[in-house]
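Reckoned from all heavy atoms, side chains included, excluding hydrogens, waters and symmetry mates.
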Amino acid sequence: RPETGLARQAWVVLLAGALMAGGVVLALRALSFDSEVHRRYEYALTLSQAALEVQQTSADLRAWQARNGRELPRTADPSVSASEFAALGQLAGYLRRRLERLAELEMPADHHAKLAPLQQTLLGFERIARQATEPGGSGSEPSRASLVASSAEFDSLEHSLTELVSSTHARAAASARQAEGLSDTARVALIAFSATALLLALTLIGLTLRTLRANNALLDRMSQLAQEDGLTGIANRRTLDETLPVEFARARRSGQPLTLVMMDLDHFKRYNDRRGHAAGDALLRGAAQAWLKQMRPTDLLARYGGEEFTLVLPACTADQAAQLVDRLRPLTPDRQTFSAGVATWEATEPPTELLQRADRALSLAKKGGRNRTMIAGRELQATLPLEIAATS
């Protein structure tokens, strides 16, 4: 039913729209996941790099303290050289800047709390180095012994830096794990989007194929209805008009005869009035189907109009056509009779003239008493009823 087909198509369209919307959402979600994965990987890489730099500079600072501590028993000079103070200032300044860079990153509050005292300690080391190396300084350079004695301060700094680096590494590892999780989620979202797109494509292809099949079936049915008589199921007048030029061209090429027969049920109006239109329709339908079974595949039986029928008989003479008509008479339902006019194409006349000659022969058969066959061109012959002709 058309309503059912429209409703089904509407549901399919709605489903396709929902799948498309879901696919778009999944695609956008996958893109956001991908962006977040990239951001977290960048954050983890930056954290790891900053932690590595801090760890290396811390190790260099600790090596400076250890080196000067080892030199104390070997030399009688208690002072520290200017070059060593310069190295201390460079290491402390570089480490402080690395800590400032680390503080700029997204970090928990407790990490920021640990950074402040570390930076103050490093500022103190830088101040000591600057006072010892600047010309005209205060001259109160700390001795090697006093710097070595401050070993606990170096130990505290190293311990704090180690904790900070460990926490930073842990945070970088957690960020990397989150990035991997987001990457997996994005992969699942992309797979879901691909599956949704595939399902949508298959749905649309199925809908298209179904629509094409329905349209083809409808076109076939419409073509059949256009060429078929709705009551009798045989060819209609339109098919007859389309077939005649083709058969004429074929007969002209082959040189074989082409014969037309016009048939008309006798006293059909009286039959209709007596039995009713339903019975009249049944008679037309039954007669057409019974006659059709006697036709060759190349023959055409068409309803010309009302109770009139036309036979198109390729490669058939007028006498052969008359014999065929005689075989059709006993097949007519309810013992009804019909009259027939036969005309054979003369190779020069158009289809309309051949039809007119067959129709004139039919009129003569009806005027001659009905239930008989008249061949065009033989009108002067006696036209006795079939029963009499058969016994004479």
Side-chain angles (χ1 to χ4, degrees), residues 229 232 234-237 239-241 243-244 247-248 251 256-272 280 283-284 286-296 298-392:
D229 179 63
T232 60
I234 62 174
N236 58 13
R237 176 70 177 272
T239 305
L240 175 65
D241 293 339
T243 303
L244 281 179
E247 293 298 338
F248 271 64
Q256 294 182 334
L258 175 65
T259 300
L260 261 64
V261 180
M262 296 292 293
M263 302 187 302
D264 184 272
L265 291 173
D266 295 330
H267 304 294
F268 183 72
K269 184 178 183 304
R270 184 191 307 170
Y271 184 92
N272 249 353
L283 173 61
L284 292 173
Q289 292 299 319
W291 297 340
L292 187 63
K293 294 178 182 178
Q294 300 300 315
M295 301 293 104
R296 298 173 300 176
T298 55
D299 297 339
L300 175 69
L301 172 63
R303 187 182 180 191
Y304 193 78
E307 67 273 18
E308 277 192 291
F309 297 85
T310 302
L311 284 175
V312 182
L313 305 173
C316 182
T317 64
D319 292 328
Q320 291 171 334
Q323 294 173 6
L324 172 63
V325 171
D326 289 341
R327 293 198 303 271
L328 298 182
R329 292 184 186 279
L331 302 178
T332 309
D334 207 10
R335 302 182 65 182
Q336 292 301 303
T337 61
F338 65 85
S339 301
V342 180
T344 301
W345 184 47
E346 295 180 351
T348 57
E349 59 186 340
T352 54
E353 187 174 335
L354 180 61
L355 278 170
Q356 291 174 0
R357 291 201 297 118
D359 193 56
R360 286 196 296 268
L362 171 62
S363 298
L364 290 174
K366 294 170 69 176
K367 291 178 181 179
R370 292 185 172 83
N371 193 24
R372 65 196 62 213
T373 302
M374 178 63 68
I375 299 177
R378 304 180 190 178
E379 291 88 347
L380 298 179
Q381 297 180 5
T383 56
L384 298 177
L386 289 181
E387 293 83 1
I388 300 175
T391 57
S392 60

A.B. asks: Indicate yes or no: at least one non-hydrogen side-chain atom of L328 is less than 4.5 angstrom from one of L311.
C.D. replies: yes

A.B. asks: Return the CZ to CG distance between R296 and L301, rounded to the nearest 0.5 Å.
C.D. replies: 13.0 Å

A.B. asks: Any sub-3.5 Å donor-acceptor pair from Q336's side-chain atoms to D334's backbone N or O?
C.D. replies: yes

A.B. asks: Rounded to the nearest 0.5 Å, what's the gap from CG on L355 to CZ on R360? Could you check?
C.D. replies: 11.0 Å

A.B. asks: To the nearest 0.5 Å, what is the distance between CZ (F338) and CZ (F309)?
C.D. replies: 10.0 Å

A.B. asks: What pair of heavy atoms forms the shortest contact from F248 to P351, and how long is it?
C.D. replies: CZ-CA, 3.5 Å

A.B. asks: Do you know the tightest heavy-atom contact between V325 and V261?
C.D. replies: CG2-CG1, 3.8 Å

A.B. asks: List the atom of A361, the atom of A376, and the distance in Å for their closest heavy-atom pair.
C.D. replies: CB-N, 4.0 Å

A.B. asks: So, for E346 and E349, which heavy atoms are closest and what is the spacing to 0.1 Å?
C.D. replies: N-OE2, 3.2 Å

A.B. asks: Tell me, with the steps shown, if T332 and L265 meet side-chain contact (heavy atoms from CB on, under 4.5 Å).
C.D. replies: CA-CA 9 Å; T332 309; L265 291 173; 4.2 Å; yes

A.B. asks: Taking all heavy atoms of V342 and all of A321, pick out the closest pair and write down the distance.
C.D. replies: CG1-CB, 3.9 Å

A.B. asks: For residues M295 and L324, determine if any side-chain heavy atom of one lies less than 4.5 Å from a side-chain heavy atom of the other.
C.D. replies: yes

A.B. asks: With rounding to the nearest 0.5 angstrom, report the CG to CG distance, L300 to L260.
C.D. replies: 9.0 Å

A.B. asks: Out of N371, D264, T373, D266, which one pairs with S339 under the side chain to side chain donor-acceptor pair (under 3.5 Å) rule?
C.D. replies: D266

A.B. asks: To the nearest 0.5 angstrom, please state how far the CG atom of L362 sits from the CZ atom of R370.
C.D. replies: 10.0 Å

A.B. asks: Check the pair R303 / L284 against side-chain contact (heavy atoms from CB on, under 4.5 Å), numbers first and verdict last.
C.D. replies: CA-CA 9 Å; R303 187 182 180 191; L284 292 173; 3.6 Å; yes

A.B. asks: Just checking, is any N or O donor in the side chain of Y304 or D359 under 3.5 Å from an acceptor N or O on the other one?
C.D. replies: no

A.B. asks: Could you check whether any side-chain heavy atom of L331 comes within less than 4.5 Å of a side-chain heavy atom of Q294, counting everything from C-beta outward?
C.D. replies: yes

A.B. asks: Would you check, one step at a time, whether the test side-chain contact (heavy atoms from CB on, under 4.5 Å) holds for I234 with Q289?
C.D. replies: CA-CA 8 Å; I234 62 174; Q289 292 299 319; 4.2 Å; yes

A.B. asks: Could you give the distance from OG1 (T310) to CG (L244), rounded to the nearest 0.5 Å?
C.D. replies: 8.0 Å

A.B. asks: Is the shortest heavy-atom distance from the side chain of W291 to the side chain of M263 under 4.5 Å?
C.D. replies: yes

A.B. asks: Could you pull out the closest heavy-atom pair between I375 and A322, with the gap in Å?
C.D. replies: CD1-CB, 4.3 Å

